[in-house]
Amino acid sequence: MTDLFAKYDVPAPRYTSYPTVPFWTDSPTTDQWIDHLNKAFAEPSATWSLYFHLPFCETLCTFCACNTVITRDHGREEGYVDLLSIEWNLYLDRVPALTERPLLGVHLGGGTPTFFAKENLERILKPILLRTRIDQDRFEASVEVHPGHTTREQLSMLHELGFTRISIGVQDFDPEVQQLVNRHQPYEVTKSVTDSARELGFKSVNYDLIYGLPRQNPERFRETVEKTIELRPDRIALYSFARVPWIKPAQRSYKDEDLPVGGEKRALYELAREMLGLSGYVEIGMDHFALPDDGMAEAQRKHTLHRNFQGYTERRTTVLLGLGVSAISETPTCFHQNEKAFPVYERRVRSQEIPTLRGHILNEEDQRLREQILQFMTRFEVDLLPAQREDAKTFLQPMIEDELVRVTDHALRLTEKGTPFLRNACMFFDQRLRSQEQRPQVFSQAL
Ligand SMILES: C[S@@+](CC[C@H](N)C(=O)[O-])C[C@H]1O[C@@H](n2cnc3c(N)ncnc32)[C@H](O)[C@@H]1O
Ligand code: SF4
């Protein structure tokens, strides 16, 4: 396997969208984006979900690849609440279906959503929840938290508003690893937030862990996984450290020799996978684990697992509307991203503009490939069109020879041995990437 890890450890997208963001070419104007939204909502069965990007964090974890604003100035909260409110009202004016079609989910991501005081989180959520048509039977609301910046009062308020899922950033329990990535988070703090969430009635607790961080090795990582198992989250996202120093210069602070790469890095995942398997967790998709009675495991069994910009999710809605700086939205035919630079986002929203930065209008081929990639990423198997069969055999020949994938008469299948190489196999469908002679250096390594 070590040779295979060396062979296939190439830059590869994570396929949380297709086309992937660097290959968005056909950008909509704001008017076109609104047309795509209204077209999607015109379907009587249309449903939607809402994502808020809350970018502030008090300190920078040096591994972080998220779009953040690092500040200790909590005076900034109120201004941001106002921006979200203006943005929401801009949409309400132009997309009336937002108050009519069933809202199935809300997700608070970041940054650190719990940077915001309880009152300000409430000011963001309440007016919107009151104006929309929540489908109580299907509604799921979730929040990402940094346990070092989360109070029981915040969680209690969120739970009262209908939040039942919490995702806790853990990353690694080892103090030396934490020191190197500038994230100081004692075990007791993680445990305390986990206990509070459970006592308050949150029904699903997720932990984010990362493998591939500096100085991680099997011995240390075993302890992190043991501690995780002890606290028994319902779900675990075990992310591969995405190293993109050309975008996130803080990642340059690590010494090369401290970073596990290739087979060494993958061994950390395999170790966790084995330990979690023995403790009753089921592997979901590419980098998630869940207890068998958790909704995500059920979604995998029922083939309703979905993947979007937030990674694997239990449910698919027709529209995902993202509010806040850098937030991404999607409809069946269009992607849309808000301005990423905070001052530009702020200026445009204050001048009553939907802050379109870029997006992509999907042509028919994009839409078909997006469905195939989605199916392959969630089920590890996908039907091929007759015209794709020969191409698959040629493009994937090395992976076929290495017994990582199988191409049958009508389908492409990932083998058990091929599980770590899902991103590599997915590149077969990525016509936009394949048609580039020179691939831009934009993606992290596949493994
Ligand atoms: C917005 S943060 C979660 C909430 C909170 N800010 C925190 O850190 O606890 C989203 C998650 O992305 C993951 N993440 C961030 N940068 C990453 C990177 N470079 N590679 C892999 N995962 C990363 C981390 O696991 C993190 O918990
Ligand atoms: S990992 Fe979370 S807390 Fe750390 S910088 Fe990134 S978003 Fe902020």
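Atoms within each ligand, like the ligands themselves, are counted from 1 in listed order. Counting from 1, the numbers follow the sequence of the chain as shown.
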Sub-4.0 Å heavy-atom contact, Cys66 with ligand 1: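 For ligand 1, residue contact (heavy atoms, under 4.0 Å) with Cys66 is present.
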contact_flag Gly109 ligand 1 heavy-atom lt 4.0 Å: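 False for this residue.
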Any idea which atoms of ligand 1 are less than 4.0 Å away from a heavy-atom of [X]?
{"X": "Val145", "value": "9 (O)"}
{"X": "Gln251", "value": "19 (N)"}
{"X": "Arg183", "value": "7 (C), 8 (O), 9 (O)"}
{"X": "Cys64", "value": "16 (N)"}
{"X": "Thr112", "value": "5 (C), 6 (N)"}
{"X": "Gly111", "value": "1 (C), 4 (C), 5 (C), 6 (N)"}

[atom]: which protein heavy atom is closest, and how many Å away?
{"atom": "atom 21 (C) of ligand 1", "result": "Ser240 O, 3.3 Å"}
{"atom": "atom 8 (Fe) of ligand 2", "result": "Cys57 SG, 2.3 Å"}
{"atom": "atom 6 (Fe) of ligand 2", "result": "Cys64 SG, 2.3 Å"}
{"atom": "atom 24 (C) of ligand 1", "result": "Gln171 OE1, 3.3 Å"}
{"atom": "atom 22 (N) of ligand 1", "result": "Ile210 CD1, 3.5 Å"}
{"atom": "atom 16 (N) of ligand 1", "result": "Ala65 N, 3.0 Å"}
{"atom": "atom 20 (N) of ligand 1", "result": "Ala242 N, 2.9 Å"}
{"atom": "atom 13 (C) of ligand 1", "result": "Tyr239 CD1, 4.1 Å"}
{"atom": "atom 2 (S) of ligand 1", "result": "Glu144 OE1, 3.9 Å"}

Short N-O contact, Arg14 and Asp287, less than 4.0 angstrom: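 Yes, charged N to carboxylate O under 4.0 Å.
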Sequence-distant partners of Asp293, salt bridge (charged side-chain N to carboxylate O under 4.0 Å, His left out), two or more places apart: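 Expected list: none.
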Sub-6.0 Å ring centroid separation between [X] and [Y]:
{"X": "Phe202", "Y": "His159", "value": "yes"}
{"X": "Phe116", "Y": "Phe52", "value": "no"}
{"X": "Phe56", "Y": "Tyr80", "value": "yes"}

Plane angle bin for His288 and Tyr239 - parallel if under 30°, tilted between 30 and 60°, otherwise perpendicular: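 Answer is perpendicular, since the angle exceeds 60°.
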Aromatic plane relationship, His149 with His146 - under 30° parallel, 30 to 60° tilted, over 60° perpendicular: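 If you compare the ring of His146 with that of His149, the planes turn out perpendicular.
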Cys61 backbone or side-chain N/O/S under 2.8 Å from atom 4 (Fe) of ligand 2: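 So Cys61 counts as coordinating atom 4 (Fe) of ligand 2, yes.
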Side-chain donor-acceptor contact under 3.5 Å, Ser49 with Thr317: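 Distance-only check passes for Ser49 and Thr317.
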Between Arg165 and Ser204: side-chain donor-acceptor atoms closer than 3.5 Å: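 Ser204 and Arg165 do have a side-chain donor-acceptor pair below 3.5 Å.
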Verdict with reasoning, Glu314 to Arg138, per salt bridge (charged side-chain N to carboxylate O under 4.0 Å, His left out): CA-CA 11 Å; Glu314 262 174 76; Arg138 292 186 284 173; over 6 Å; no
Stepwise salt bridge (charged side-chain N to carboxylate O under 4.0 Å, His left out) test for Arg215 and Glu257: CA-CA 9 Å; Arg215 294 273 173 92; Glu257 65 266 28; over 6 Å; no
Heavy atom of Gly111, distance to ligand 2 below 4.0 Å: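 Yes, that is the case, since the closest heavy atom of the residue is under 4.0 Å from the ligand.
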Min heavy-atom dist Arg183 to ligand 2 below 4.0 Å: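 Contact present.
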Option with minimal heavy-atom separation from atom 11 (C) of ligand 1, where the choices are Val170, Asp208, Thr62: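 Going through Val170, Asp208, Thr62 one by one, Asp208 has the nearest heavy atom to atom 11 (C) of ligand 1.
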Arg235 and Val205, any side-chain heavy atoms less than 4.5 Å apart: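 Val205 does not reach Arg235 side chain to side chain.
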Verdict with supporting geometry, Asp3 and Lys7, salt bridge (charged side-chain N to carboxylate O under 4.0 Å, His left out): CA-CA 6 Å; Asp3 289 347; Lys7 182 169 168 185; over 6 Å; no
For ligand 1, the portion of Phe63 having any non-hydrogen atom under 4.0 Å away: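 Answer for Phe63: both.
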Atoms in ligand 2 with a heavy atom of Thr112 nearer than 4.0 Å: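 So the atoms of ligand 2 that pass are 3 (S), 8 (Fe).
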